[in-house]
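As the structure is a prediction and not an experimental result, all values here were calculated from the model. Remember, it's 1-based here, ligands and their atoms both numbered in the order they're listed.
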Amino acid sequence: MACAPFPAAVAIRPLRESRRARSGALLVQAAVLVAVSLHAAGAAAQTQEPVELVDQQHCMFCHTSDAPFLAPSFHQIAQRYRDQPNASTMLEEKLRHGGKVHWGDMSMPLPADRGGPLSAEDARTLVQWVLSQ
Ligand code: HEC
């Protein structure tokens, strides 16, 4: 057969390559570990989630922290308002009483339709948490 020499050459190469690939995989694992611990350190800086309020107002029904779904992600919102000093006052007001739509054309339901009235203090807690993401 004319192509008989090839399979032998092919059989040797995978052995060498798999050894190299294995040490490569170790490096990748190390990098992932570093990335995960960095991420954990970053998460610690984030304002703690006010779980009960978030549940009561069903925020996560439409929002996620980092993936736009029915609504902009909290990460996108935080990015957008990062350099605007009056943003939190505007957002607190909007969470409590509604207001102009800033994303797409679907508006956010008012507190009564989300789970009950929202105090100024609770609105502030929620907005601080959103803007820390
Ligand atoms: C029924 C779906 C829904 C629920 C529940 C919901 N949102 Fe939203 N939210 C939206 C939509 C849609 C927008 C984008 C519309 C807009 O610009 O007002 C939005 C926008 C926002 C914004 C940005 C507003 C702006 O003017 O840029 C913030 C902050 C926000 N939501 C926080 C929250 C918080 C906190 C909760 C829970 C208390 C919550 N949302 C619950 C749908 C929802």
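- For a threshold of 3.5 Å applied to N or O pairs, the pair formed by Lys94 and ligand 1 contains at least one separation below that value.
- Note that the CZ atom of Phe61 and the CG atom of Leu70 stand 7.5 Å from one another [nearest 0.5 Å].
- Taking any N or O of His58, backbone or side chain, none lies under 3.5 Å from an N or O belonging to ligand 1.
- Using a 4.5 Å heavy-atom cutoff, the side chains of Tyr81 and Leu131 are in contact.
- A single hydrophobic cluster is seen to contain both Val130 and Trp103, as judged by linkage of ILVMFWY side chains at heavy-atom distances under 4.5 Å, directly or through other members.
- Put simply, CG on Asp113 and NE2 on His58 are 11.5 Å apart, with the number rounded to the nearest 0.5 Å.
- For ligand 1, the atoms lying closer than 4.0 Å to a non-hydrogen atom of Leu95 are 32 (C), 33 (C), 34 (C), 35 (C).
- In this structure, the side chains of His102 and Lys94 come closer than 4.5 Å at one or more pairs of heavy atoms.
- Once rounded to the nearest 0.5 Å, the distance linking OG of Ser132 with NE2 of His75 reads 11.0 Å.
- Nearest protein heavy-atom neighbour of atom 36 (C) of ligand 1: Cys59 SG, 2.9 Å.
- Each of the atoms 1 (C), 2 (C), 3 (C), 4 (C), 5 (C), 42 (C), 43 (C) of ligand 1 lies under 4.0 Å from some heavy atom of Cys62.
- At a cut-off of 2.8 Å, His63 is counted among the residues with an N, O or S atom near atom 8 (Fe) of ligand 1.
- Atoms CD and CD, from Glu92 and Gln128 in turn, are 6.5 Å apart once rounded to the nearest 0.5 Å.
- Side-chain contact check for Met106 versus Val101: every heavy-atom pair is 4.5 Å or farther apart.
- Looking only at heavy atoms of the protein, atom 11 (C) of ligand 1 is closest to Ala71 CB, 3.6 Å.
- Interface of Pro109 with ligand 1, defined as ligand atoms under 4.0 Å from a residue heavy atom, comprises 1 (C), 2 (C), 3 (C).
- Near Tyr81, meaning under 4.0 Å from any of its heavy atoms, are these atoms of ligand 1: 25 (C), 26 (O), 27 (O).
- In terms of protein heavy atoms, atom 15 (C) of ligand 1 is closest to Met106 O, 3.1 Å.
- For a threshold of 3.5 Å applied to N or O pairs, the pair formed by Trp103 and ligand 1 contains at least one separation below that value.
- Cluster annotation: Met60 is connected to Leu118 through the hydrophobic network of ILVMFWY side chains, with a link wherever side-chain heavy atoms come within less than 4.5 Å.
- Counting atoms of ligand 1 from 1 in the listed order, those under 4.0 Å from a heavy atom of Pro72 are 13 (C), 14 (C).
- Between His102 and ligand 1, at least one N/O pair is under 3.5 Å apart.
- Near Leu126, meaning under 4.0 Å from any of its heavy atoms, are these atoms of ligand 1: 38 (C).
- Annotation: side chain of Leu95 is not in contact with side chain of Asp122 (no heavy-atom distance under 4.5 Å).
- At least one heavy atom of Phe74 sits less than 4.0 Å from an atom of ligand 1.
- Side-chain contact between Trp129 and Leu53: absent, with no pair of heavy atoms (C-beta onward) separated by less than 4.5 Å.
- By heavy-atom distance, the residue among Leu70, Asp113, Ile77, Asp122 lying nearest atom 29 (C) of ligand 1 is Ile77.
- When each atom of ligand 1 is checked for a heavy atom of Val101 under 4.0 Å away, the hits are 15 (C), 16 (C), 17 (O), 18 (O).
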